[in-house]
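In this chain, numbering begins with 1 at the start of the sequence shown.
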Amino acid sequence: MPTFEERLDAVARNLELTAQFQQSTEKIVNLLAEDQVKSEKRIARLEKVMQQIAVLVKDHEERLRDLED
């Protein structure tokens with residue numbers, strides 16, 4: 001049967017491992033949050049470009065219609 005000291009050492013080691021795991025998890029969460037921000041910025045830029053393309057297409061269609069009239 002483990003001694004009191006051995007049990008305390010085991011508990012201390014478990015706490016150390018838990019703390020390390022928590023730090024690793026926090027790093028991963030922070031990286032994911034940063035990636036999400038980058039993705040949102042890219043999506044916003046893409047949406048802006050898509051709107052600009054839509055304006056160009058609409059303008060082009062209007063010019064074609066004017067030429068056909």
Side-chain angles (χ1 to χ4, degrees):
M1 185 163 154
T3 66
F4 183 73
E5 283 291 321
E6 291 171 331
R7 289 181 181 188
L8 276 178
D9 287 343
V11 168
R13 182 67 182 138
N14 282 339
L15 286 173
E16 289 172 3
L17 291 173
T18 302
Q20 290 174 1
F21 179 73
Q22 178 66 25
Q23 286 177 339
S24 296
T25 302
E26 287 176 5
K27 286 179 185 177
I28 291 169
V29 168
N30 288 338
L31 289 173
L32 289 172
E34 290 172 9
D35 285 346
Q36 182 177 358
V37 168
K38 290 177 185 176
S39 294
E40 288 172 356
K41 288 180 181 178
R42 288 181 184 134
I43 289 170
R45 282 195 302 261
L46 179 60
E47 287 174 346
K48 185 176 178 180
V49 168
M50 297 282 282
Q51 289 173 348
Q52 291 171 339
I53 290 172
V55 168
L56 289 174
V57 168
K58 184 178 176 183
D59 182 60
H60 179 72
E61 288 175 348
E62 288 174 359
R63 288 180 187 201
L64 284 177
R65 266 188 252 124
D66 289 345
L67 288 174
E68 290 172 354
D69 290 341

Value for CG (Asp59) from CG (Leu64), rounded to nearest 0.5 Å, stands at 9.5 Å
Item checked: Flag side-chain contact, heavy atom, 4.5 Å: Gln36 against Leu32 -> no
Under a 4.5 Å side-chain heavy-atom rule over Ile, Leu, Val, Met, Phe, Trp and Tyr, are Val57 and Val49 clustered together?
yes
So CG of Asn14 and CG of Asp9: to nearest 0.5 Å the spacing works out to 11.0 Å
When rounded to the nearest 0.5 Å, the distance separating CG of Leu8 from CZ of Arg13 is 15.5 Å
Is Arg65 salt-bridged to Asp69, going by a charged N under 4.0 Å from an acidic O? no
Steps toward side-chain hydrogen bond (donor to acceptor under 3.5 Å, both in side chains) verdict (Glu47, Gln51):
CA-CA 6 Å; Glu47 287 174 346; Gln51 289 173 348; over 6 Å; no
Open item on the list: Does any part of the side chain of Arg7, heavy atoms only, come nearer than 4.5 Å to the side chain of Met1, both counted from C-beta?
Closed with: yes
query = Does a donor on one side chain and an acceptor on the other come within less than 3.5 Å for Gln20 and Glu16?
reply = no
The reported gap from CZ in Arg63 to CG in Asp66 (rounded to nearest 0.5 angstrom) is 9.0 Å
**Prompt:** Are Val55 and Lys58 close enough that some pair of their side-chain heavy atoms sits under 4.5 Å apart?
**Reply:** no
